[in-house]
Amino acid sequence: MKFASSYEPNQYEADIYAAWETSGAFEPTVPTIPIDNNADGKDDRKGLCYSIVMPPPNANGNLHIGHGLTIALEDSLTRYNRLKGKSTWYIPGADHAGFETWVVYERALEAQGHTRFEFDRDELYARVWDFVAMQRGNMELQLRALGASCSWKDLTFTLDENVIDRVYTTFEKMWNDGLIYRGEKLVNFCPKHQTAFADIEVEHKDEPGTLWEIAYDDIIVSTTRPETLFGDVAIAVNPEDERYRDLIGKHVHLPLTDREIEIIADEHADPAYGTGAVKITPAHDFDDFEVGERHNLPRIQVIAEDGTMINVPEKYLGLTAKECRKQVLKDLKDQGFLKGEKNITHSVAHCYKCGTVLEPTLKEQWFIDVKKLAATAIKHLENNEIKFHPANKQKVLINYLENLKDWNISRQIPWGIAIPMFKKADESATDEPDWIFDRRTNLKTIEKSGVKYVRDEDTFDTWFSSSHWPIVCTDWSEENPTPYYPLNVMETGADILFAWVARMIMVGLYVTDEVPFKEVYLHGLVLDEHGKKMSKSKGNVINPMDLVAKYGSDAFRLGILRGRSAGMNQAFSENSVIAGRNLCNKLWNISRLIQNVIDENTKGSENVLSRGISDNGSLRSEEPRNDGRDEASRERSIPLPYYTNNMGEDWICRELDTCLVQIENDMKTYRFAEAIETLYQTIWDKYADWFLETQKIYRNTPLLKKTLETILIALHPFAPFVTEAIWQNLSWTEGFIITEKWPEKLIYDPISAENFESLITIVSEVRTTLQSLPGTNNAKKYGLLYDNDSLVEDNLLLIKALTKVPEINALNGAPRGLRIALANHELYLDVPEKVVNEYKDALTEKILSVGRELDALNQRMLNPNYVQKAPEHLVKETKDAIKEKEALIDRLKAQLSLI
RNA sequence: GGGGAUUUAGCUCAGCUGGCUAGAGCGUACGAUUCACAUUCGUAAGGUCAUAGGUUCAAGCCCUAUAAUCCCCACCA
């Protein structure tokens, strides 16, 4: 006896995963390396291949609940397509996570009493490399525990040589195309981490602040940053502002200094805000920077990168910006320049990692001119070359690209890909360019044409390298395009639509001339059970690994996918995992029952049980049905021959077919939750509760085998472990379910299947009536009487078993007992007079409720427009329903009059 | 300021192209049960589909407005 009485995931999961991995099942069957193409240059293998890449988790981190969702989604897609016969390539990855890892490392360094400034860049890089190597591997184990069927030998690390190579190639191409420029611009600079960020990495938070009013001679300006006044180069007023029109062009005295600055006219000044006059500090404010550009103003930097004051009167030199503000305010007040002070709320830029207020800082950085890249991306997006789930994100993305500003790709952290640019060290070599591209970033200095060049110390923004992800993972190259590029789908979090998806599209198009993926599926945040964001400080973080350990990997996957749709931030609770666990256990026990039947059948004498007891005497088919699979295609798969003997069997075939079609549609449209819902109901409510119950009487072992295989394979994409565990325990299956074929449709008699629906209605109505009778254990007390009803007569055993009534007899004479509320069947519960009387109220209520339904239907038919305009089949259905309800009411009334 | 969403049972969510009595899981109540499964089986209660108008033979779904909640982008001297 292989099947224990309940499914224990821990006993199977690790072994099963190891067996899959060593069997090679995770690897694509069609070669990933290019082969000779046809003369037309088209790769015929494309349609056979299914490719998807994993958004690389942090190499030295642990997986969180979002990764759990990611893997559940991507692996379900992968497994489904594998079963569908595609050569699937699910490519795993690991992220060096430039800034994230750097922050963790620097913290560790500081804990040991060191600072980054004790080491040079190459030393730091090597140290972080070791640090990551030491911590690495956890997340890969966790991906395995989640069942990710990815091709491990193709794991791509974001610092792999081919990645760096490809990134350098793109950068060189951009440099040659003039898309890269070095500019002194204002950048978001974190004084704590000493690095700049791209706009997208900045976190804006609304905070209380103070708006000070300071007199510059005749004009009063409003500012939140008085300490930057030493960097002021002008005062701007709105050209439309009557109050100041006459002052435009005049010079005023800059307080606390002996400098004079000009009053200029610029739209930037909002007459309604503050005093309507604004001081212009191009070196420390993004808007002012632009004003400065428009008016050709100088930039005076007064706060250094370390946060201390420079280029200011001696009194303030070396103070931190904070100290300086205090001192400036005091001096302004003392000297009568401070005219007002207001409390306001304004949004302040913060470092997304440490929360430090970012300082807009003037810095020379590498930028990508994104105009052309964005325009190309927009063109392809508008051409609908990428299908989005949810669909609205396409518009959101286009909207973003239309307003995209140039992209700062320089980071001042050592942990990352070195920017392959070298600066001329010898000023006297005037004919040589100031900057040259060179791949030899392992060298600090190089020589070219006899001139010495020094390596730029900065590294790339990680989004610049990860925007190559589909290209580098599939090993695409100009010479050898692979059939796995573009990816079939890019699945990732909706929160990185701009940071990542947008950039993959721009870079993908730039490098390959093709969109990097055909579809995008974006998942939302996993919220806690109350719909709140998970965070360490709130203490509501759920660790996916805990749930996997407690309920099994399948239960987690089913639970996290349940009730989830694309792009939405949705709640998650342990309850849904429990529901998933229950389904796994149910399936386990279904299989146990079936295996028992098979075992008994092989032991016992020839086919007595499998043919079953026929009390309808109408075995129709003795010939096994062939399900149409190509017999030569696989060794094991002489398709299981099966046949249907009765209407329950026809019915389950019909229901399974419907279920398969629904799943196929759901997977095409990425409706995972609905696919699971369908499976849940088919397996539990239909297969177990109805079909298997009938099979306790009529045993059809070939069909039991066939149908069990069907549901196992259909559920496999979502619950890979339990379905494989069962597959391995069943006596007749061979090989792995992971590499099975998606089931073909079953063949059945549709009329017979429909008859079973009637039987379900009869059984349900009997059950309802029994429940509503006074007393308990009614099912055991009262028999059932029927009159002139072949459906009942042919299925006495079945109805008896399903309703649990002690006996069923023909009526033979006048109606007696309690009529079951069915229009088309003469069925009575053989209850004593007394009980019938007690049922009177319930019967009256039943008549009334059917009457209300009938009224509604009649109302509809009375409307001439409905009869005229509604589709014919609807009108016919309404007519039929009316007839049926009328008949039912008549019969119930007749019953009532008897009481 | 610009953009995107959400609102359906106690809770979390489905409901596709408008069409039968609006569904599921969990929770609740009542009942059952000796051998596939208490991680079980059966039955039931529970809905103003946010609100107000409109279109339509027909609206949870389409249109208009309103309210509440949430997210993103830009800006806030």
Side-chain angles (χ1 to χ4, degrees), chain A residues 3 5-7 199-200 204 206 209 211-212 221-225 236 268-270 273-281 285-288 344-348 390 392-393 395-396 399-400 403 494-495 497-498 524-525 529-531 551 555 559 562-565 567-573 575-576 578-597 665-666 669 671 673-674 677 680-681 688-689 692-693 696 764 767-768 770-772 776-780 803-804 849 852-853 856-857 860 863-871 873-875 877-878 880-881:
Chain A
F3 282 99
S5 68
S6 66
Y7 173 58
D199 297 340
I200 199 150
H204 289 275
D206 277 345
L211 187 64
W212 286 280
V221 304
S222 304
T223 182
T224 53
R225 304 205 56 190
H268 166 62
D270 176 2
Y273 194 91
T275 60
V278 54
K279 67 193 207 55
I280 300 301
T281 324
D285 182 282
F286 286 97
D287 288 318
D288 294 3
I344 55 156
T345 304
H346 60 156
S347 105
V348 181
N392 70 297
K393 296 292 180 188
K395 235 171 77 185
V396 174
N399 185 37
Y400 170 77
N403 300 303
D495 51 335
L497 174 65
F498 299 154
L525 293 180
E529 59 184 321
H530 306 294
Y551 299 108
R562 165 157 281 194
R564 207 160 287 280
S565 39
M568 301 245 290
N569 300 341
Q570 284 164 312
F572 171 69
S573 80
N575 278 339
S576 57
I578 291 173
R581 187 269 317 259
N582 292 352
L583 178 65
C584 294
N585 190 58
K586 186 74 184 180
L587 190 65
W588 180 262
N589 275 291
I590 286 170
S591 310
R592 183 153 81 118
L593 170 67
I594 292 175
Q595 184 63 59
N596 283 346
V597 171
N665 287 335
D666 289 339
T669 48
R671 299 154 83 96
E674 286 181 38
E677 199 64 48
Y680 198 103
Q681 298 200 5
D689 290 348
L692 283 188
E693 290 305 315
K696 285 176 180 172
S764 302
R767 282 174 179 167
T768 312
L770 283 168
Q771 284 277 339
S772 62
T776 62
N777 240 336
N778 288 324
K780 284 202 163 161
T803 58
K804 298 207 171 76
S849 90
R852 281 192 293 270
E853 290 164 18
L857 292 173
R860 195 175 300 165
N863 183 343
N865 285 323
Y866 174 71
V867 182
Q868 249 170 50
K869 293 185 185 175
H873 72 274
L874 280 177
V875 178
E877 273 172 33
T878 311
D880 292 348

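In what follows, chains carry the letters A, B, and so on, assigned in the order in which the sequence lines appear, proteins first and then strands, with residues in each chain numbered from 1. Values reported hereafter were calculated over all heavy atoms of this structure, with side chains retained and with hydrogens, waters and symmetry mates removed. Since this is a predicted model, take the numbers as computed values, not measurements.
Within 4.0 Å (heavy atoms only), Ser573(A) reaches no atom of the nucleic acid at all. Thr776(A) comes within contact range of the sugar-phosphate backbone alone, with a heavy-atom separation under 4.0 Å but no base atom that close. Within the nucleic acid shown, Lys393(A) has no heavy atom closer than 4.0 Å to any nucleic acid atom. The residue Ala673(A) sits apart from the nucleic acid: no heavy atom pair falls under 4.0 Å. Contact annotation for Pro871(A): base contact, defined as any heavy-atom pair under 4.0 Å involving a base atom. Contact annotation for Arg581(A): base contact, defined as any heavy-atom pair under 4.0 Å involving a base atom. When heavy atoms are screened at a 4.0 angstrom cut-off, Gln595(A) is found touching no nucleic acid atom at all. At the heavy-atom level, Asn777(A) lies under 4.0 Å from the strands shown only through sugar-phosphate atoms. As judged by a 4.0 angstrom heavy-atom cut-off over every strand, Ser565(A) is placed among residues touching the sugar-phosphate backbone only.
Ring geometry for Phe3(A) against Trp588(A) counts as perpendicular: the plane angle is over 60°, on a 0 to 90° scale with 30° as the lower cut.
Applying the side chain to side chain contact (heavy atoms under 4.5 Å, CB included) test between Leu692(A) and each of Asn589(A), Val597(A), Leu593(A) identifies Leu593(A) as the sole match.
With a cut-off of 3.5 Å on both pairing distances, U55(B) has no Watson-Crick or G-U wobble partner at all. With a 3.5 Å ceiling on both atom-pair distances, the Watson-Crick or G-U wobble partner of A24(B) is U12(B). G18(B) is unpaired under the Watson-Crick or G-U wobble criterion, no partner having all donor-acceptor distances under 3.5 Å. Applying the Watson-Crick and G-U wobble criteria (two distances, each under 3.5 Å), C35(B) pairs with nothing in any strand. Judged by Watson-Crick or G-U wobble contacts below 3.5 Å, the nucleotide U7(B) has A67(B) as its partner. Both distances falling under 3.5 Å, in either a Watson-Crick or a G-U wobble arrangement, occur for no nucleotide opposite C49(B). Remark: C30(B) base-pairs with G42(B). Criterion, Watson-Crick or G-U wobble with two distances under 3.5 Å.
The shortest distance between the side-chain N/O atoms of Lys395(A) and the OP1/OP2 oxygens of G4(B) is below 4.0 Å. Considering only side-chain N and O atoms, Ser772(A) lies nowhere under 4.0 angstrom from the phosphate OP1 or OP2 of A44(B).
Rounded to whole Å, the separation between the P atoms of C13(B) and C73(B) comes to 23 Å. A distance of about 9 Å separates the P atoms of U6(B) and A14(B), rounded to the whole Å. U8(B) and G15(B) are spaced 14 Å apart, taking the P atom of each and rounding to whole Å. Comparing A9(B) with U48(B), their C1' atoms sit 13 Å apart, to the nearest whole Å. Nucleotides C16(B) and G60(B), compared at atom P, are 12 Å apart to the nearest Å. Only the P atoms considered, A22(B) is 14 Å distant from A59(B), to the nearest whole Å. Nucleotides A24(B) and C71(B) are separated by 32 Å at their P atoms, to the nearest Å. C75(B) and A68(B) have their P atoms separated by 27 Å, given to the nearest Å.
Closest contact between the side chain of Asp689(A) and the listed nucleotides A24(B), C41(B), C26(B) involves C41(B). Proximity note for Ser6(A) (side chain, C-beta onward) versus C13(B), U39(B), G3(B): the nearest is U39(B). Distances from the side chain of Asn582(A) to the nucleotides U40(B), G4(B), C37(B) place U40(B) closest. Side-chain atoms of Thr768(A) lie closest to U43(B) of the nucleotides A36(B), G3(B), U43(B). The Tyr680(A) side chain lies nearest to C26(B) when the options are U40(B), C57(B), C26(B). Distance from the side chain of Asn865(A) is smallest for C57(B) among the nucleotides A14(B), C57(B), A36(B). Taking the side chain of Glu677(A) as heavy atoms from C-beta on, and the options C16(B), A24(B), A36(B), the nearest nucleotide is A24(B). The Gln570(A) side chain lies nearest to A14(B) when the options are A36(B), C57(B), A14(B).
For the pair Gln681(A) CD and G23(B) P, the computed distance is 12 Å after rounding to whole Å. The distance between atom CG of Asn778(A) and atom C1' of G31(B), rounded to the nearest whole Å, is 9 Å. Separating the CG atom of Asn569(A) from the C1' atom of C13(B) is a distance of 14 Å, rounded to the nearest angstrom. The CZ-C1' distance, from Phe498(A) to G2(B), rounds to 12 Å in whole Å. One interatomic measurement links the two molecules: OH of Tyr866(A) to C1' of G18(B), which rounds to 13 Å at whole-angstrom precision. Rounded to whole Å, atom C1' of C73(B) lies 12 Å from atom CG of Leu497(A). Rounded to whole angstrom, the span from the CE atom of Met568(A) across to the P atom of G4(B) amounts to 17 Å. The interatomic distance linking Arg562(A) (CZ) with G27(B) (P) rounds to 12 Å, in whole Å.
Side-chain contact between Gln570(A) and Ser565(A) is present, with heavy atoms from C-beta onward closer than 4.5 Å.
The nearest pair of heavy atoms linking Asp285(A) to Asp288(A) is OD1-N, 3.0 Å. In this structure, Gly563(A) and Ala673(A) approach most closely via the heavy-atom pair N-CB, 3.5 Å. Listed here is the closest heavy atom pair of Ala236(A) and Ile280(A): CB-CD1, 3.7 Å.
Summary of the strand contacts: Glu693(A) and Phe572(A) both lie near RNA chain B, and taking for each the nucleotide with the nearest heavy atom, the more 5' one is attributed to Phe572(A). Judged by closest nucleotide on RNA chain B, Ser576(A) is the one of Asn403(A) and Ser576(A) placed further toward the 5' end.
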**Item:** Candidate pair Thr224(A) and Leu211(A), rule side chain to side chain contact (heavy atoms under 4.5 Å, CB included), full reasoning
**Value:** CA-CA 5 Å; Thr224(A) 53; Leu211(A) 187 64; 3.9 Å; yes

**Asked** Hey, mind stepping through Ser5(A) and Arg592(A) against side chain to side chain contact (heavy atoms under 4.5 Å, CB included) and telling me if it holds?
**Response** CA-CA 8 Å; Ser5(A) 68; Arg592(A) 183 153 81 118; 3.4 Å; yes

**Asked** What do the steps show when you test Tyr866(A) against Thr878(A) for side chain to side chain contact (heavy atoms under 4.5 Å, CB included), and what is the final call?
**Response** CA-CA 11 Å; Tyr866(A) 174 71; Thr878(A) 311; 3.0 Å; yes

Output a table of nitrogen or oxygen pairs between the protein and nucleotides 20-22 of chain B separated by less than 3.5 Å.
| unit_1 | atom_1 | unit_2 | atom_2 | d |
| --- | --- | --- | --- | --- |
| U21(B) | OP2 | Arg860(A) | NH2 | 3.1 |
| U21(B) | O4 | Lys885(A) | NZ | 3.1 |

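Between the side chain of Gln771(A) and the base of G31(B), no donor-acceptor pair of N or O atoms lies under 3.5 Å.
Of the inter-residue distances, the one linking Tyr551(A) atom OH with Asn582(A) atom CG reads 9.5 Å to the nearest 0.5 angstrom.
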